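See structure below.
This structure is a prediction, so every number in the text was calculated from the model and none was measured. In the text below, chain A, chain B and the rest are named by the order of the sequence lines, each starting its count at 1.
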Amino acid sequence: GENVEQHPSTLSVQEGDSAVIKCTYSDSASNYFPWYKQELGKRPQLIIDIRSNVGEKKDQRIAVTLNKTAKHFSLHITETQPEDSAVYFCAARRQRNEKLTFGTGTRLTIIP
Amino acid sequence: DTGVSQDPRHKITKRGQNVTFRCDPISEHNRLYWYRQTLGQGPEFLTYFQNEAQLEKSRLLSDRFSAERPKGSFSTLEIQRTEQGDSAMYLCASSLDSSSSYEQYFGPGTRLTVT
């Protein structure tokens, strides 16, 4: 089955700097890659996603890049703010399969 | 609130007892998923429904676990003879069967503590 690895497990960034979180996946049939943000005690919320027919997607301060050949994708957050502090999970979904396989999460702390 | 809702939000039970959780998806969503999340880990897939049909079950879902979605709307997840290892957050998610959106919307979860 699919295996998703995520790095780093913790990341501290000065407010205003950029943060990058990386994930790799094992199943070349995966075609959908969402990123979820989970604040303490809250539900995971989708912040951005990308499909395998696209190499990059941006939404304001957040961007995701996908390298299908290398089977890795990354989340980029620019101009970080204190409210960006949370745990971020990447996930992958195999074509014609509904379940999401999640990474182990990255705890991002923005230092004011 | 028109999002995914789950009930109860917290459940403390003694080992060996049965527990049942409920999930109400977003009303027009025909797909419903159950995940389990332990501390410091990402959600792990348990099972999913399309309408009332249970289409996939994870190997994580032992014989003590059963899920239903009898009318294609709300779903229940029952754990029989609970064990301490069942302690986790149980998350429900729903999505619309659409080629334009794959997003799964998560509920707030039910935190189960088995003592």
Side-chain angles (χ1 to χ4, degrees), chain A residues 1-10 21-25 27 29-54 57 59 64 66 75 86-108, chain B residues 1 3-7 9-10 23-26 29-51 53-61 67 69 88-111:
Chain A
E2 175 67 280
N3 182 51
V4 177
E5 295 190 356
Q6 183 170 349
H7 300 280
S9 57
T10 60
I21 302 170
K22 299 183 179 182
C23 288
T24 59
Y25 61 98
D27 192 338
S30 290
N31 67 341
Y32 172 66
F33 307 93
W35 286 89
Y36 282 83
K37 175 183 181 183
Q38 189 173 30
E39 297 177 74
L40 191 63
K42 302 279 184 70
R43 70 189 74 193
Q45 291 199 299
L46 181 76
I47 55 171
I48 195 166
D49 56 12
I50 192 167
R51 298 194 190 186
S52 59
N53 58 348
V54 175
K57 184 176 177 181
D59 183 3
V64 56
L66 171 65
L75 177 71
V87 179
Y88 291 80
F89 292 99
C90 62
R93 193 190 97 153
R94 194 174 187 274
Q95 192 173 17
R96 292 187 293 277
N97 187 296
E98 288 302 310
K99 71 179 184 183
L100 291 176
T101 301
F102 284 83
T104 49
T106 297
R107 180 173 298 281
L108 175 63
Chain B
D1 186 358
V4 179
S5 61
Q6 292 186 244
D7 184 71
R9 297 290 306 277
H10 303 273
C23 171
D24 286 89
I26 294 171
H29 285 185
N30 59 346
R31 289 181 174 164
L32 186 148
Y33 313 80
W34 286 98
Y35 291 85
R36 181 171 67 187
Q37 186 176 27
T38 53
L39 203 61
Q41 299 296 316
E44 293 178 293
F45 171 81
L46 293 178
T47 188
Y48 104 91
F49 293 83
Q50 177 150 328
N51 300 312
Q54 188 174 17
L55 297 187
E56 186 173 352
K57 291 170 61 172
S58 164
R59 286 178 302 225
L60 292 175
L61 217 63
R69 194 181 183 198
M89 176 74 85
Y90 290 84
L91 292 164
C92 175
S94 71
S95 72
L96 190 61
D97 183 2
S98 165
S99 59
S100 62
S101 174
Y102 294 159
E103 181 174 357
Q104 294 184 17
Y105 295 80
F106 281 84
T110 294
R111 181 168 295 285

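A donor-acceptor contact shorter than 3.5 Å is absent between the side chain of B:Q104 and the backbone of B:S95. Panel note: side chain B:E103, backbone A:D49; no donor-acceptor pair is recorded below 3.5 Å. Without hydrogens or angle criteria, B:T47 side chain to B:E56 main chain gives a donor-acceptor distance under 3.5 Å. Counting only distance, with no hydrogens or angles, the side chain of A:R43 and the backbone of B:F106 share a donor-acceptor pair below 3.5 Å.
Neither the backbone nor the side chain of A:P34 comes within less than 4.5 Å of any heavy atom of chain B. Using a 4.5 Å cut-off between heavy atoms, A:R107 does not touch chain B at all. Contacts of A:Q38 with chain B are made by side-chain atoms alone, with heavy-atom separations under 4.5 Å and no backbone atom involved. For a residue to count as touching a neighbouring chain, one of its non-hydrogen atoms must lie under 4.5 Å from one of that chain's; by this rule B:R111 does not touch chain A. Of the two parts of B:Q6, neither the backbone nor the side chain holds a non-hydrogen atom closer than 4.5 Å to a non-hydrogen atom of chain A.
Every residue two or more places apart in sequence or in another chain was checked for a side chain to side chain donor-acceptor pair (under 3.5 Å) with B:Y102, and none qualifies. Taking the ring-ring contact (aromatic ring centres under 6.0 Å, His included) definition, one finds that B:W34 meets it with nothing, sequence neighbours left out.
Of all the listed residues (B:P43, B:G42, B:G109), the one sharing the greatest number of non-hydrogen pairs under 4.5 Å with chain A is B:P43. Top candidate by heavy-atom pairs under 4.5 Å with chain B, chosen from A:P44, A:G105, A:S9, is A:P44.
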